[in-house]
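Order of the sequence lines sets the chain letters (A, B, ...), proteins ahead of strands, with each chain counted from 1.
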There are 2 protein chains.
Amino acid sequence: MSNNREVAKLAGVSVATVSRALQKPELVSLKTRNKVLSAIKKLDYRPNLMAAKFRSGKSGNLVVLVPTVANLFFARVISGMQEEAHKRSYSILLCNTFGNPEMEEGYAKMVHTFQADGVIQLRAYNPFGAEDAGGNAALPMVNACEVLDDTTVPTVALDNRAAARAMTEHLLQLGHRRIAVIKGPKSSPLTRDRLAGYRDALEEAGIAFDESLLCPGDFTLHSGHKAAGVLIDLNERPTAIFCENDEMAIGAIQRIKQSGLRVPDDISVAGFDDIAFAPFSDPPLTTIAQPAEEFGSTAVSLLIDLLEGRIKKAPKVILPFELVVRASTGPASIEETLQ
Amino acid sequence: MSNNREVAKLAGVSVATVSRALQKPELVSLKTRNKVLSAIKKLDYRPNLMAAKFRSGKSGNLVVLVPTVANLFFARVISGMQEEAHKRSYSILLCNTFGNPEMEEGYAKMVHTFQADGVIQLRAYNPFGAEDAGGNAALPMVNACEVLDDTTVPTVALDNRAAARAMTEHLLQLGHRRIAVIKGPKSSPLTRDRLAGYRDALEEAGIAFDESLLCPGDFTLHSGHKAAGVLIDLNERPTAIFCENDEMAIGAIQRIKQSGLRVPDDISVAGFDDIAFAPFSDPPLTTIAQPAEEFGSTAVSLLIDLLEGRIKKAPKVILPFELVVRASTGPASIEETLQ
DNA sequence: CATAAAAATGTATCCGGATACATATAAGAT
DNA sequence: ATCTTATATGTATCCGGATACATTTTTATG
């Protein structure tokens, strides 16, 4: 493999000129530049970017910590990241962590060993751990989708509380009074915020909060299916179920139909995320649309700006949501409304 | 940031000893090793792996070219890759290419510039292009999922022809005679092979191949929905539709139900892939299960073996499939069977 | 205790671009 | 033609580990 010096020799110039001809062509005369370029061509020279990166101290890599790529929402987020990173000449090092803190910490350490310049974390956990204790130095990190609230790093999030409130209000307007919630993992701030939005709406409508209508889930189809089974068997069955993501909603719909009940006639079901399958469920799913790709591109953009020193104070970006009403939610039956 | 030499100085040893204490501890006496380790601790030294990689000429990165991550099958494949790469101390550079050859070629060039050691391509296209013309040097590449047949690189694939044949036979056994196919993009070998398997089964059953029962798609929910619309309106409507992936099958089922027809009573629908949503569609989808994660882990494993010189001849790995019969396929109606 | 063999450590150099600084050449002003 | 700038090019060095080879120390053997 040919290098700098061989090209210089063949072109009859110095290595500095070769380097300049490639990096800052305007500093090199046309004649010289052509000599260099033809030498490069003749030798089939390719600059060793590992060397360049090593010298510059910038790897050009961004570590992305994602609980699981096998999730349509995260997949779209990653897609958005990839596109933005590519535009900005950065690469994405994808790390599936299954939400495992040790694994997240391990990958975050790639920054310490100069294998990556920064980290995007899609979960509410600081993989740099105690290191941040002092809170002094800005961590090369952006927190997106599910964010920590006490963090000093840039974040990209949805106003989950407002979104959940909007969805709950939609259900209330349809006359529902017993609205169940299938939650995400209990440690998640995302779940906490969505639940807060749900309670906001209930309170405003003067409806008492009923703990028994909350059911835990883990964002998978199966957990939605299982949770719906529990809710159906309640003494006072809910007339609507608000699921914290679409997968659980689709699982819940199946379970409800298996019980011989109808959606939305007997029970309305709402989701969150608006994944590609949402309009194709039966009935099509009422949900909250999130700009998933934008989460990714914004996170990457913020991280690069941070790394390149264009950011002073950690911004907290809030992306917009949209209530998408489809056929899985409908009016509560008359008896219910009158209760 | 502290380096090699500072550690050496503080520990009162040479840089070579520091390096050895970390890389080959058995070559360093316990006493010296402890001195080095405590110096490392005191200085909070982290070896610059960019430097090490640069020197060794191995980046430890694998480029993964995927048409789109926002696809549940590919997402699982990538998940499998990530896990295997992590085990073997390699990193995955994820590249969403949208099946764009220029983009694929661009990313593949990362190998030339030493940013990556090898490439895993999940599509039937050689991103190293004409370079392979001579077919001399082994390309640092593994082709998985949708593979080229004339390639000299290792491949990981399913016996798509046998799988499609198995599915078609299943439909034939249920009495179907007019079996439509919603295909993938026409340039895909995957589509070609699955179609061949379909024809094998028809031929064996003595049923004439009918071109009008083939409908193009692009593996999306919408394309399945649209294609089903066309098939429903045929003069002689098919009694079963074999879709080349589950997304299209789910799209097709929705379209069929929208026409007031029932699945499987009026039309049976089968998919391919067995994505997480398959058992949750209504009715649950009959499909071909593929070991998606294994595609990923096997591809990574092969590529690393290739890069590290443990492979002589390019292996062609065939992974097993499984016919998963659920409720979306059922017996053809009597009239149909008697026709 | 001498000597050979093994183990431990050190010295010097390499990897391949990037670039500060020095030098040389060309263009412009008077 | 002379001197000042601007432009172009070259020289030398750095980045931070890895390691071939040299040297020193320790252990084993007769």
- Is a salt bridge present between A:Glu84 and A:Arg88, judged by a nitrogen-to-oxygen distance below 4.0 Å? yes
- Message: Does B:Glu26 reach a base, just sugar-phosphate, or nothing at all? Heavy atoms under 4.0 Å.
- Response: sugar-phosphate
- Item | Atom pair distance, as rounded to whole Å: NZ in A:Lys9 and P in C:dG16 | 14 Å
- Please report, rounded to the nearest Å, how far the P atom of D:dG17 is from the CG atom of B:Asn48. 6 Å
- Query: Given D:dA12, D:dT9, C:dG17, which nucleotide is nearest the side-chain atoms of A:Ser14?
  - Reply: D:dT9
- In whole angstroms, how far is the P atom of C:dC15 from the CZ atom of A:Arg46? 20 Å
- Could you work out which one of D:dA18, C:dA20, D:dT9 sits closest to the side chain of A:Thr17? D:dT9
- Please tell me which of the listed nucleotides, C:dT9, C:dT19, D:dA8, lies nearest to the side chain of A:Thr32? D:dA8
- Message: On the nucleotide C:dG16, are OP1 or OP2 found under 4.0 Å from the side-chain N or O atoms that A:Asn3 carries?
- Response: yes
- Pick the nucleotide of DNA chain D nearest each of A:Val15 and A:Val28; which residue has the one closer to the 5' end? A:Val28
- Go through the N and O atoms of the side chain of A:Arg5 and the base of C:dG17, and report whether any donor-acceptor pair is under 3.5 Å. yes
- Task: Determine the contact category for B:Ser29: base if any of its heavy atoms lies under 4.0 Å from a base atom, sugar-phosphate if only primed atoms, P, OP1 or OP2 are that close, otherwise nothing.
- Result: sugar-phosphate
- Specify the separation, in whole Å, of atom NZ of B:Lys53 and atom P of D:dC15. 21 Å
- Spacing of A:Leu27 atom CG relative to C:dA18 atom C1', expressed in whole Å: 13 Å
- Task: Determine, stepwise, if the pair B:Asp117 / B:Asn61 fulfils side-chain contact (heavy atoms from CB on, under 4.5 Å).
- Result: CA-CA 6 Å; B:Asp117 300 336; B:Asn61 295 330; 6.0 Å; no
- Query: Looking at D:dT19, D:dG17, C:dG16, which one has an atom nearest to any side-chain atom of B:Lys24?
  - Reply: D:dT19
- Item | Whole-Å distance separating the NZ atom of A:Lys35 from the C1' atom of D:dA8 | 11 Å
- Item | C:dG17 OP1/OP2 closer than 4.0 Å to side-chain N/O of A:Tyr45 | yes
- Item | Base of D:dG10 paired with side chain of A:Arg20 (donor-acceptor, under 3.5 Å) | yes
- Message: In this structure, how many angstroms lie between the C1' atom of D:dA8 and the CG atom of A:Asn34, rounded?
- Response: 15 Å
- Item | Check ion pair B:Glu26-B:Lys24 (N to O, under 4.0 angstrom) | no
- Query: Do B:Asn96 side-chain atoms and B:Val69 backbone N/O form a donor-acceptor pair below 3.5 Å?
  - Reply: yes
- Task: Carefully, step by step, assess A:Glu102 and A:Tyr107 under the rule side-chain hydrogen bond (donor to acceptor under 3.5 Å, both in side chains).
- Result: CA-CA 9 Å; A:Glu102 287 85 46; A:Tyr107 282 123; over 6 Å; no
- Query: Within the distance-only criterion (no hydrogens, no angle test), does the side chain of A:Glu293 pair as donor or acceptor with the backbone N or O of A:Ser297 below 3.5 angstrom?
  - Reply: no
- Assign A:Val18 to base, sugar-phosphate, or nothing according to its heavy-atom contacts below 4.0 angstrom with the strands shown. nothing
- Message: Nearest whole Å is fine: how far is C:dG17 C1' from B:Phe114 CZ?
- Response: 12 Å
- Under 4.0 Å between a side-chain N/O of B:Asn4 and OP1 or OP2 of D:dG16, yes or no? no
- Note on the structure: Looking only at D:dG16, C:dT11, D:dA18, the nucleotide nearest the B:Ala16 side chain is C:dT11
- Is the distance from OP1 or OP2 of D:dA18 to the nearest side-chain N or O of B:Gln23 less than 4.0 Å? yes
- Note on the structure: Walking DNA chain C from its 5' end, the first of B:Lys31 and B:Ala51 to be reached, judged by nearest nucleotide, is B:Lys31
